[in-house]
Structure formats: structure tokens, C-alpha cells
Amino acid sequence: MKNNFGHERSRCLIKLVGSVSLAALTATPAFAQDEDAADEAASAGDVIVVTGFRASLDKALDEKRNSTAAIDVIVAEDIAKFPDQNLAESLQRIPGISIQRDAGEGRAITVRGLGAQFTRVRLNGMETIATSTDGASANRDRAFDFNVFASELFSSLVVHKTASASLDEGSLGAVVDLNTGNPLGGKDGLTLVASAQGRYNDLSKELSPRLAGLVAWSNADQTFGVSASVAWSKYTTEELGNNTVRWAQAPFRSVDGVTCMSGSNFIANPSAACIEVAEAFHPRIPRYGLVSHDRERLGATASLQWEPTDSTKISIDGLYSNFKETRDEYWGEVLARSNERTIDISNYTIDANNNLISADLDNVYVRTERYSRESETEFHQVSAKIEQALTDNFRINLLGGFSKSKADIPVETTLAFDDRDATGYSYDYTNMKSPVLSFGPGITDPAAFQLAEFRDRPSFLTNKFKTVSGDFEWDVTEGFQLLAGGFYREFDFDTIGFRRDNQYCSAFTCAPGAYGAPVTDALSQTFNLGDAGQPAGNTNSWIVPDLAAGTAFVDLYNIPGVLQQGEQRSVTEKTKGGWFMTNFESSVFGMRMTGNAGVRYAKTNQSSSGFTDGTFVTVKRSYDDWLPSFNVNFFPADNIILRGAIAKVITRPTLGSLTPGGSIDPFNFKISSGNPFLDPYRATTYDVAAEWYFAPGAIVSIALFSKDIVSFPISTSLQGTYASSGLPTSLLTPGTPAFDAIVTGTDPNRQFEFRTTGNGPGANLKGMEISLQLPFSVFSDSLKHFGLLGNFTLVKSDVEYSVSGPLAYDPGTNRLVAQPNGTYTQPLLGLAKRAWNATAYYDDGKFSVRSSVAYRSGYNDGTSGNNNVFEGYGSSFNVDASIRYQLTDNFEISVEGSNLTDDYRYRFTDLEANRNYENNHYGRTFMFGARYKM
């Protein structure tokens with residue numbers, strides 16, 4: 001019998017039909033019999049057959065039980081048959097994990113309240129980053145985008161919740177291992193798998209294909225095997241709803257017919273109504289619209305394994321993924337922001353939270369907008385591993401490889417039609433999530449508009465990883481093992497952006513008094529809003545620019561792109577170090593005890609480059625960390641495990657925040673900058689857990705955890721003039737609103753929003769996880785095909801944030817002025833206090849039904865801007881279900897549904913006032929198809 005350091009023991013009573021083995025399940029103390037009894041049962045043919053989804057649960061539970069550290073596992077039911085359409089959506093079934101969605105599907109994960117940038121992801125044992133784009137831009141974080149990959153390409157996910165010296169550093173949340181197929185893990189000979197599905201979304205009302213296939217072969221001796229798989233899908237998801245782009249304070253030109261402004265300043269002794277309206281918060285860009293996501297995903301894997309001798313194993317793995325999306329947006333909106341001083345307001349209502357929730361507006365700046373972005377993520381990774389046993393008790397392992405992820409946006413185009421003196425507009429946010437936005441006459445008349453602005457902002461981002469590592473394992477004696485290793489990683493982050501932005505009358509000659517080109521039927525199209533959750537009285541049709549005609553009219557794509565200095569940035573990190581660890585197994589007070597103890601050393605050399613005041617600069621720094629860790633497990637009974645762990649951990653700062661310099665948004669009066677001297681997030685983590693394996697395939701557990709975070713970079717937002725930035729005016733693009741205001745002098749004291757990141761205060765996070773896996777065979781053999789999974793996570797943290805609050809009228813200066821920053825005690829950004837999910841299933845090996853629900857409470861994801869205090873997302877509740885039927889041993893059909901309640905995503909700004917930032921939905925998605933295996 002081997003030392004129990006994660007190796008499987010040798011007893012076996014349960015046979016698993018499929019690709020996974022439950023040999024270790026009865027080897028664990030909960031169901032262990034003596035060797036003679038096991039042999040007798042096996043010889044008598046007393047075999048329990050476990051198949052399908054239940055088999056995958058049992059295998060995952062077996063892996064969890066035999067691990068020295070705290071882990072959770074999800075495995076495929078069968079080869080090329082992952083239990084969910086999306087890896088992130090599978091991970092949300094694990095206690096303590098919630099997901100962030102993009103276009104209705106899981107994109108990133110949050111572990112125990114810590115956001116995606118705190119989780120390290122390894123692909124076939126090698127750390128990597130996969131990058132895609134979201135609503136704003138390409139991912140410039142360390143977060144891993146799970147939507148890049150097709151789930152069919154993977155065989156298992158392992159989530160490491162406690163640290164060990166042998167585990168890659170860089171995570172305050174978890175380390176997630178994604179594993180593709182194992183050619184020597186299945187049967188010998190040839191294996192073929194093919195699946196085809198149709199995808200239907202009830203909002204987009206389109207039927208789309210999803211195809212996957214796998215071929216694998218190994219020789220009869222199971223010493224050489226190869227496999228390859230491919231998955232492809234193409235589909236459209238629509239996102240319908242409303243948006244405000246935050247709320248803001250500003251004085252209007254007049255209120256109820258009384259003049260408030262003289263140019264850009266208050267008149268002398270403004271009325272009480274003028275001040276009341278100016279101090280209230282109004283929606284900056286109230287709008288309804290459609291965001292359409294046309295996506296195509298192609299993925300492929302290849303693997304080779306060779307065991308030339310019993311002591312040597314060589315593995316070579318490759319993975320390729322290509323993820324394309326065209327994102328099209330259609331908006332009908334009012335640009336209240338920055339234009340309030342020209343707008344006349346009347347018939348207004350201010351609620352108890354100082355929100356200007358309804359009003360009639362005249363001389364208003366109406367805009368209809370057409371936005372289109374083409375993005376492509378291409379990822380590839382190649383890795384090789386050699387496992388060599390030099391003696392019966394001494395082994396070495398070598399790993400090397402590289403990965404590259406490119407997130408390119410060759411086209412990001414905006415065309416805008418403006419009517420800058422429209423009348424008859426009104427809005428009503430009495431129902432904050434579903435406002436009434438009513439436009440006056442002319443919203444469907446091309447003659448009422450002018451083609452005012454055009455933009456194109458291509459950008460290109462590349463992440464590259466190189467890894468080399470080696471380690472050894474020495475079984476010193478029964479119950480004691482020494483392990484040590486060294487590693488070198490090189491990570492490169494590069495991003496660059498260009499712009500073709502202009503106002504029409506700056507690029508072309510306009511008629512006197514015009515601000516754009518006259519809009520004709522040939523340049524426009526009518527947009528009809530679908531089901532966006534809008535109430536009666538809302539305007540649901542308007543004209544928008546015709547993308548092809550409009551870009552050709554201004555010859556947009558032949559205009560040379562201007563390099564944006566603030567968007568040319570790079571970071572190179574070279575990390576080297578080593579680790580030492582002991583695994584031990586002993587007895588304490590008559591109890592079996594296992595565990596590990598060790599220390600990891602990592603030295604990071606960082607080089608950050610970017611533009612500062614028009615000069616390209618490179619800033620270098622280095623730091624090192626000693627990271628001790630300790631895991632221990634006690635077995636007071638054969639089926640009870642008490643776990644404890646303590647470790648020091650780090651997460652390196654967000655990539656986009658590490659670069660010097662930054663970017664200027666001359667349309668929205670915003671300056672963003674980085675900080676190459678940010679310290680890593682450093683923390684000490686504490687974990688205790690109790691696990692009771694009260695029946696075969698069953699567990700109830702409770703885990704308590706605490707993270708004492710001593711350093712925590714934090715985003716800040718400040719207001720100031722452009723002059724206070726110290727940046728030259730040559731960086732402002734001619735023809736933009738900021739250029740007109742600052743360079744031509746129309747409003748040289750125009751306020752800008754400054755965003756950057758600094759070394760913030762520490763924080764403490766603590767929480768609890770409760771988990772249950774319950775096969776109903778516990779109650780009766782007649783219920784053996786039924787079961788339930790469930791977990792609940794409660795997390796609490798307190799961080800003191802310094803945040804600017806609302807502006808207030810100052811009679812001395814006759815202006816709205818900023819008040820001193822307030823100190824707010826709030827949870828960590830991205831942390832939801834409560835999350836739970838549950839899955840009920842029936843699985844008899846032939847017919848399988850599953851239904852899952854997932855809940856996440858609301859949370860802050862930023863300190864906000866425009867004098868709002870925090871912003872974030874409301875709670876989410878998702879319901880999914882699947883039905884599978886095995887027609888023959890080789891052929892299966894299935895029907896699946898996700899987001900069956902059509903849950904809306906609500907985003908708020910300002911914690912107390914709960915102002916609408918956006919509220920949208922994606923519809924229900926249904927999949928139906930067939931799978932064949934031989």
C-alpha cells in the first residue's frame with residue numbers, strides 16, 4: 001500500500017461504467033473493509049454499477065476526500081462530455097464560487113468573495129491567462145476569461161482553496177486547474193465521440209449550431225496514446241434594456257421658466273429651485289437600446305502520452321482557441337451630461353434620495369447612436385511534462401511550455417446623429433429599474449438630425465507566458481515525504497490603441513450654424529426596440545445611423561489611426577524561486593493525521609512602460625516574498641475529516657494599473673492613469689473545516705475561513721481641471737469636446753474626472769461555507785437514482801474607503817463645490833455577502849434529469865464616479881435544467897435550458913440612493929442535440 005499523499009489506495013469494490021474510476025472510494029476509511037473481505041466480495045461478483053452524472057459526483061468527492069489540502073473537483077461524466085455548456089457555470093456549483101456573466105454566459109469567477117483577478121488558473125499544470133472583451137474593452141486584468149473555451153475540451157476542474165508550497169503563488173482566492181483529456185485514461189484501441197446541438201434563444205429568436213468531436217487511440221499495453229478534439233459553435237445573444245451611464249449633479253439653464261445660468265456660471269442670487277435642481281442627481285445619458293452579440297467559438301486540443309517504461313511518463317499537450325464576437329449597439333438617448341447649462345427643465349420631481357426622478361426637458365441634446373465592435377481572441381498553449389521515477393521512492397518531474405493570448409479589436413466604431421435643440425422630451429424614473437423615456441417629435445425623422453460625430457478606436461492586446469519548472473518527491477519513510485522544486489516564469493503584457501475620432505464639422509466643411517452633415521434616408525435606418533422591459537408610454541422607435549453607409553460617407557476606415565500614447569503600455573514580469581515541503585502521515589491521540597508544511601520563495605522583477613507627459617518611460621522594480629503554508633487533517637472517525645490550514649499568500653496588482661501614464665477620454669472629460677509602484681495584495685489566510693462522509697457518495701461539510709489582507713490597492717476618482725493634470729494640451733484630439741473647451745478656450749476651467757489606483761488600506765475577510773451532497777439512497781434503495789447538491793456561502797469584510805460625496809452649492813463662490821471626502825466602511829469590491837446554489841437530479845444511467853438554481857446577493861464593484869458613492873450589481877438568480885436519455889450504449893439525446901426565469905441584470909450607482917446604472921436581460925437559451933460514442 002502506498003503512502004497516502006494523494007496517491008490512490010488499492011482496494012476496489014465499486015465499478016464505474018464510463019471514463020472515471022472509483023477505485024479509491026472504498027479505499028478511504030469510511031467504507032473500508034479488511035483486505036480479505038474485499039477480495040471475497042470481488043470474487044463473488046458483488047459489483048455496484050455507478051454511471052453518468054452520479055459517477056462524476058462520486059469521483060469528484062473521492063478526489064476531495066483524498067486531498068491533503070482543501071479542494072473541490074468537477075469531472076466529466078464521460079470523455080468529451082462536460083456537465084455544463086460553460087466552465088464558469090460549472091464552477092458556480094462549487095461552494096464559495098460565484099460567476100460574472102457577459103452576454104448572458106459565465107465569463108469570470110469570484111471565490112469566497114474575492115474577484116477574478118485574485119484567482120490563478122492553470123491549464124494542464126501551467127499558469128496562463130485567457131483574455132476576451134466585455135462591454136468596455138479587452139480584459140486588462142489578471143482575470144481568466146472562461147468563455148474563451150468550449151467546455152467539451154476539458155475532462156476535469158480542480159479548485160485549490162488552501163495554499164501549499166508546491167502550488168503556484170499569486171492567488172488570494174483560489175488556484176483553478178483546467179485539465180484536458182488523458183489519452184491513457186480511457187480504454188485501449190480507438191475511441192470516437194461526436195455531438196451536435198442546436199441553440200435557440202427566445203430573445204434573439206435564432207437557431208444556432210454547436211458541434212464537437214473527439215478521436216483517441218492507445219495501444220493494447222496502454223503505454224502510448226494520442227487524442228485530439230475539436231468544438232465549434234456560432235450563435236447570437238441579444239441584450240435589451242436601459243442605461244443611464246451614472247447620475248450626476250449640475251445646474252440647468254432654467255427651471256420652470258426661471259433663468260439659472262449665465263453662460264457657464266450661475267446668475268447672481270439664483271432661485272431656490274435652481275439650487276435644488278442643481279444639487280439633485282439626474283441621469284447623465286438616459287437611454288434604451290439593444291446590444292447584439294454575434295459570437296463564434298472554435299477550440300481544439302491535442303495530446304500525446306508515452307510510457308516507455310514503468311518508471312517514465314512523457315506528456316505533450318496543446319490547446320488552441322479562437323473566439324470572435326461582433327457587438328452591435330443601437331441607442332436612443334439624451335446627452336444631459338456636460339450639456340445641462342443649455343437645457344430648460346420643468347415639471348420636475350425630486351425624491352427622498354435627492355434624485356431628480358422625473359422631469360420635462362426642452363432645448364435638449366438628443367442623440368441616436370450606432371456602435372459596432374469586432375473583436376477576436378486567439379489563444380494557444382503547448383506544454384510538455386516528464387515524470388521519472390529514479391527509484392521506488394524517488395521521483396522527479398519536469399514541466400515546460402508557453403502560451404499566448406491575443407485580444408484584438410480591429411474595429412470599434414461609433415456614429416452619432418444629433419438633434420441639439422429638441423423639445424418635448426420627458427423621463428420618469430419612479431420605477432427605477434424600468435423608466436419611461438419619451439422623446440418629442442422628430443425622433444424618427446432623418447431631417448431633424450445631423451451626423452455630428454464619428455469614431456473608430458482599434459486596439460490590440462497580447463499576453464504571453466513562458467514557464468519552466470522542476471521538482472522531486474522523496475518517500476523518506478512510511479508516512480513521511482520530502483518535496484522540493486524550482487520555477488521560472490516570464491509574463492508579458494502589451495497593449496496599444498489608436499483612434500480615428502472627430503466631429504464632422506472639424507473634419508469637413510459645414511454650412512453656417514451646422515454642427516454636422518444633414519442626415520438622409522440613405523444614411524439612416526429605423527430601429528424598433530423589442531422587449532426591453534419598458535413600460536407603457538415609452539418611445540420605442542427612432543432612427544439610427546446606417547453603419548455601412550455612414551462609415552463610407554466619411555471614409556472612416558481610410559483615415560490614418562492616431563496612436564494614443566496613454567494606450568501604449570506594457571508590463572514584463574519575470575518570477576523565479578523555489579519551494580520546499582514535507583508531506584506527513586501519523587497518529588495523534590489515537591487519531592490518524594495527515595498534512596503538509598512548507599515554504600515558497602518568489603522573486604518578482606517588474607518592468608512597466610508607458611507614456612508620461614508625452615515621453616515614453618520604463619519603470620523597473622523588484623520585490624520578493626516568502627510564503628509559508630501549513631495544512632493538517634485529523635480523522636476522529638473513519639468517515640470524518642477535520643481540516644486546518646494557514647498560509648501567507650499574494651496576488652500581483654492588476655496589469656492595466658501597473659503601467660505609467662494613462663489615457664484621455666476627450667469626449668467624456670476623463671483621464672485614467674496607472675501606477676507602476678503598486679504593491680502586491682498580501683494576506684495571511686486561515687481555514688478550518690469539518691467533513692462528514694456519512695454514506696457512499698455523500699458529504700455534509702462546513703468550512704470557516706479568514707483572510708487578513710495587509711495591503712490592498714484601490715481605485716480612486718477625483719475631480720479637477722485639465723491644467724491640474726500637468727498634461728500638455730497637445731494630447732487632446734482636435735475636434736473633440738475637450739479640445740474645443742480647453743484649447744480654443746470656450747471653457748478652460750472645465751472639470752475632468754481623474755481615475756487612478758493607489759496603495760490602499762488593508763482589509764479583513766471572513767466567511768463560512770456549508771455544503772451538502774445527498775444521494776437519496778441514504779433514505780431508501782427505491783430512491784437511489786435521486787439526489788441533491790447544495791451549498792451556502794456567507795462572507796463578511798470591512799474596508800475603510802475614502803470616497804468623494806455629493807457636490808453642494810456654495811453661496812460664496814456661487815458654484816457647486818466638492819465636499820471633503822467621506823470615510824465609508826464597506827465590503828471588498830466585488831464581494832457578495834451571500835451566495836447559494838442547489839442542484840436536484842435523477843439519474844438511472846439511462847435517463848437523467850437535472851435542475852439547478854444559483855443565487856448571488858448584490859455587491860459593490862467600484863467606488864463609482866460623478867460624486868456617487870459606490871456602484872455595483874443587484875442580486876442575481878439563475879435557473880438551469882437539463883434532460884438526457886441514453887437510447888443505446890452509444891447514442892444519447894439531450895435537451896438543456898439556461899436562465900429559465902430570464903433574470904435581469906441590474907446595476908446601480910450610489911449605495912444608498914440605488915440609482916439605476918443599467919437594467920437588461922438576455923432571454924432564455926435552449927439546447928437540444930445528440931451525442932454518439934464508439
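As a basis for the values below, the full set of heavy atoms in this structure was taken, side chains included, without hydrogen atoms, waters or symmetry mates. Computed from a predicted model, the values in this text were never measured in an experiment.
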Report summary line: Residues at least two apart in sequence or cross-chain that pass side-chain hydrogen bond (donor to acceptor under 3.5 Å, both in side chains) with Asp421, listed by chain then number, are none

Query raised in the report: Of the options Phe908, Tyr429, Phe281, which is the one that meets Trp247 in a ring pair (Phe, Tyr, Trp, His ring centres under 6.0 Å)?
Result: Tyr429

Look at the side chain of [X] and the backbone N and O of [Y], then say whether any donor-acceptor pair between them is shorter than 3.5 Å.
{"X": "Thr368", "Y": "Ile543", "value": "yes"}
{"X": "Ser271", "Y": "Cys274", "value": "yes"}
{"X": "Asn353", "Y": "Asp351", "value": "no"}

Requested in this report: Show your reasoning for whether side-chain contact (heavy atoms from CB on, under 4.5 Å) applies to Asn919 and Arg907.
Outcome: CA-CA 6 Å; Asn919 191 41; Arg907 187 178 181 185; over 6 Å; no

Can a salt bridge be assigned to the pair [X] and [Y] using a cut-off of 4.0 Å between side-chain N and carboxylate O?
{"X": "Glu329", "Y": "Arg370", "answer": "no"}
{"X": "Arg253", "Y": "Asp344", "answer": "yes"}
{"X": "Glu567", "Y": "Arg457", "answer": "no"}
{"X": "Arg455", "Y": "Glu412", "answer": "no"}

Mind checking whether [X] and [Y] have parallel, tilted or perpendicular rings, split at 30° and 60°?
{"X": "Phe252", "Y": "His282", "answer": "perpendicular"}
{"X": "Tyr681", "Y": "Phe118", "answer": "perpendicular"}
{"X": "Tyr504", "Y": "Phe454", "answer": "perpendicular"}
{"X": "Phe417", "Y": "Phe449", "answer": "tilted"}

Query raised in the report: Do you see a donor-acceptor pair shorter than 3.5 Å between the side chains of Gln819 and Asn867?
Result: no

Query raised in the report: Side chains of Asn540 and Gln534: is there a donor and an acceptor less than 3.5 Å apart?
Result: yes

Requested in this report: Go through the structure and list residues passing salt bridge (Lys or Arg N to Asp or Glu O under 4.0 Å) with Arg905, not counting sequence neighbours.
Outcome: Glu239, Glu918

**Report entry** Residues in salt bridge (Lys or Arg N to Asp or Glu O under 4.0 Å) contact with Arg112, at least two apart in sequence or another chain
**Finding:** Asp687, Glu769

Query raised in the report: Which heavy atom in Glu340 sits nearest to a heavy atom in Pro251, and how many Å separate them?
Result: CB-O, 3.3 Å

Report task. Mark yes or no: Arg815 above the aromatic ring of Tyr809, with NZ or CZ under 6.0 Å from the six-membered ring centre and no more than 45 degrees from the axis. Result -> no

